[in-house]
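Report on the structure given below.
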Amino acid sequence: MPVLLVKIVNGLSEMPLPSCVQKEELNNLREGVDYANKYFQGVAILSYPLMKLEDGTNVFKVVLQDTSNLCSRINSINVLIYGKMAEDCSKVLQHGDTFVVAGFKLAKSPTAMEDGRHSCQLEVSEGAGSAVYVCGYPTLSCFSVAPKYAYTSLNQLKDGTIVNLYGVVKFFKPPYVSKGTDYCSVVTLVDPSNAKLTCTLFSGNVDCLPKIYKVGDIVRFHRIKIREYNGQMQGITSGGFASLTFDGTVGAPIVPRTCSKVYTFMEEELKTINELRVWAASNLSISGPPAKLSGVQPMLFFDLTCQLVGKAKVDGSSFLLKVWDGTKCPYPTWKVPVEERDLEGEKVLLNQLRNLTADILVYDNHMQLAKSLKIGSFLRIYSIHAKQGSADNENGSHIEFHLHGGTCYGRGIGVLPESNPEVKELKEFLDSVDLSESQDMESMSALEAESTSNNVADLESHLQRCQQLPVTVLTDHQDMKNTDLKTILNSTAPQQYRIRAKLRSYKPQKLYQSVKLHCSKCNSLQEVPIDDDFDFSLQGSAVTAPNTIFHNTSWYDSVMWTTQDEKQRKIVIHFVRHDELLQQPKDTLVMIEGGTLKEMWKLTKRFKCVIPVRSAENGLQLLDLSSPFLLQGNVKYYGCKQCSTPKPIKSLGSLAAEQQPSWEPTEIAQVLGIEPLQYVFVMKFTLVDGTGPLNVYLFDYEKFFQIPASEILTSNYLQQKMEMTMNTLCPPGRKLADLPWLECFIKSYNVKDETKHQVYYQIFDTTVAEDVI
DNA sequence: TTAGGGTTTG
């Protein structure tokens, strides 16, 4: 905790102290009492030069006088300040300053006999969770130096200004090593004006970047420069940038986190922070309690607060961190093989904790920071991927923890100070873990071990659910009897069956790979083109300059401009009119020439439909069919190259002339001569029922998972939902006997070509049970 | 200078 310099201004009657601490009088100080939540206030009447102990720790001694007890025989006390705080205090303290010490320890004063002061001394240090408030002596000269800051709300920011502001953290990337010379942190703020500001902060000293630990924290930035970037205001560090960060929880102690040695902090600041906390509580979605290793969900991403017990180099692009949080992951976890000599950390402890540590493999840009971490430090690792490893033995697959390269999603590593309340809580919990018990766990199943943690009830009910009711159900054919898999394998096709089986494995394991594009006309399947291809195609089409002859026709208005960058790219947007009028953006179809993929996604947020076009000889045309012919919402619509005969864009005019154009993708496709491709999940399930394995295909637009295949690639939420569904259908690391039952309706069919004849099986009229979704 | 959140998958 820092030293706070509070400048006295007229009318400030009290020190702005955290509400949780209470004042203690000099004559009530007693040895053996806990003063963690108490403060003592006095006037500095004497201070000594900054000294160093033998181990190099700084120590600063101050004598405080209790001015409310001047008549007492003993009215002064020695205060010893240790560590970084000693240095900070020695720089700012002046005789006559009012000095408040919060969260101190009391020890016998070795000099009481000689100096005639109190028999005890106050001991203050950052490690003990102390805070020191220094309050300038209220003389006239102080009035003039007290700075009064003005704060700009986020909707009032102007390009080219340098401002002070407050904000609630909506998103952040913990400081990481940039490709330049500095550390970088990206922070997105919101405030009650409902505006949003993304700030890019650089500093050569990582300590000088805001100490943000979670979404919802509140920051105060001084002297941040505002610039316009991509049509939006952006904050960037300027000379003299300074920040304070506060816990955003209503009612939590208001203690600024900062590297500034001196800053103003008065009643007004307290008021602002309290107001922002209350506003954020109802206006910002803050996720629930942080994940523990015991609550890890396979295939999802999570933030972990933990202690570092070991680290090791693995190879040129990855580095291993061994961490624990006192709980046990309910799934078998991957242990990264490393050379014994490369593993840094207390060998005895590493061995003791071997069943409780998680191996986290960090990649690329995170390696440098990871290498510099101190064993024993407390970390919050953001966006760890709980990846499902491949099935490497009979017992099924394991979970791997990866911190992938890059900083998307705020991926990174933050070091938490020991004074952080969550670290204090974690430390207490770690101290309470019985290590002998955890070592015995080796012989227990993961599930039994899990019963030591809190969410045992959830897990058990989930397991029971899996063992009793089938996790998939039929939507029809309820009166049909089950057929076993062996009988099906021995029968001729085509036929239809009802089966009850377990899902032993499925492909692809990477669920996003299961999404394909299907043409219902020629029955072909193809991969969904990647964005890079589309971007490439857009760049190609941007080479042809827009032809102004095709601008502003009877059914659309055109606006053209040139980008300010070196490329001087020309962009045209054609706004389709209806009834001679432009409609609301949410009902409007726009066509764009020369745009980038990013610009196109931005347009889809505002307009109903976006069609990428280019100028050809005879008018506007679609791009080639490797690109989507339409973007709507989050979905890119593609056409079949084989079955489509693209028509010129002017054919769309007929739809625009309709009374109420709905701009349905199928209608647009039809008038443009496009045979649309449909998004579909294609998966291979290996089912078992004790009579034999059967490979069955799932070919599903949206009925089985109740998730539209068209939307999954652009929705993190839907991907997580699907992953969770698959984990329920086929829980990783579970023995065959513990797998849930699936009820399915399948049909067999023949596929013949000149050389061979094969029977295939496909799931029909089946859906995931309602309570699994 | 760095990065510029809107995405991750060894």
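Per chain, numbering begins at 1; letters A, B, ... match sequence-line order.
At least one side-chain heavy atom of A:Q509 sits less than 4.5 Å from a side-chain heavy atom of A:Y506. Under the 4.5 Å side-chain criterion, counting only non-hydrogen atoms from C-beta, A:W279 is in contact with A:V190.
Per the geometry, CG belonging to A:L713 stands 13 Å off C1' belonging to B:dT9, to the nearest Å. Per the geometry, CG belonging to A:D364 stands 12 Å off C1' belonging to B:dT8, to the nearest Å. Distance A:R411 CZ to B:dA3 P: 14 Å, rounded to the nearest Å. The interatomic distance linking A:F202 (CZ) with B:dG4 (P) rounds to 8 Å, in whole Å. Atom-to-atom, CD1 of A:I360 to C1' of B:dT9 comes out at 16 Å; the value is rounded to the nearest Å. Nucleotide B:dG10 holds its P atom 14 Å from the CG atom of A:L403, rounded to whole Å. Distance NZ (A:K510) to P (B:dG10): 4 Å, rounded to an integer number of Å. Between the CZ atom of A:R227 and the C1' atom of B:dA3 there is a distance of 10 Å, rounded to whole Å.
With sequence neighbours excluded, the residues forming a side chain to side chain donor-acceptor pair (under 3.5 Å) with A:T305 are A:R380, listed by chain and number. Checked against side chain to side chain contact (heavy atoms under 4.5 Å, CB included), A:M560 has the following partners two or more places apart in sequence or in another chain: A:P546, A:T548, A:H551, A:K570, A:V572.
B:dG4 sits 24 Å from B:dT9 when the C1' atoms are compared, rounded to a whole Å. Rounded to a whole angstrom, the distance from the P atom of B:dG5 to that of B:dG10 is 26 Å.
For A:T188 against B:dG5, a side-chain N or O and a base N or O form a donor-acceptor pair under 3.5 Å. Side-chain atoms of A:H404 come within donor-acceptor range of the base of B:dG10, with a qualifying N/O pair under 3.5 Å.
Taking the six-membered ring where the residue is Trp, A:F302 and A:F401 present perpendicular rings, their angle passing 60° and hence far from 30°. Relative orientation of the A:Y151 and A:Y166 rings is tilted, given thresholds of 30° and 60° on the angle between their planes. Ring geometry, A:F685 versus A:F704: the interplanar angle exceeds 60°, so the pair is classed perpendicular (tilted spans 30 to 60°).
No contact: A:G410 has no heavy atom under 4.0 Å from any strand. No contact: A:N230 has no heavy atom under 4.0 Å from any strand. Contacts of A:L361 with the nucleic acid, taken as non-hydrogen atoms under 4.0 Å apart, are absent. Note on A:S317: a base of the nucleic acid sits closer than 4.0 angstrom, heavy atoms only.
Nearest-nucleotide assignment on DNA chain B puts the 5′-proximal partner with A:K598, out of A:S383 and A:K598. Positionally, the nearest nucleotide of DNA chain B for A:T200 lies more toward the 5' end than for the other of A:T200 and A:E723.
Near-neighbour residues of DNA chain B inside residues 169-185 of chain A, defined by a heavy atom below 4.0 Å, number-ordered: A:K170, A:F171, A:K173, A:Y176, A:S178, A:K179, A:G180, A:T181, A:D182, A:C184.
Candidate nucleotides B:dT8, B:dT9, B:dA3 were compared by shortest atom distance to the side chain of A:Y409, and B:dT8 ranks first. Of the candidates B:dA3, B:dG5, B:dT8, the closest approach to any side-chain atom of A:F301 belongs to B:dT8.
A:D359 pairs with exactly one of A:K387, A:R354, A:K322 by the salt bridge (charged side-chain N to carboxylate O under 4.0 Å, His left out) rule, that one being A:K322.
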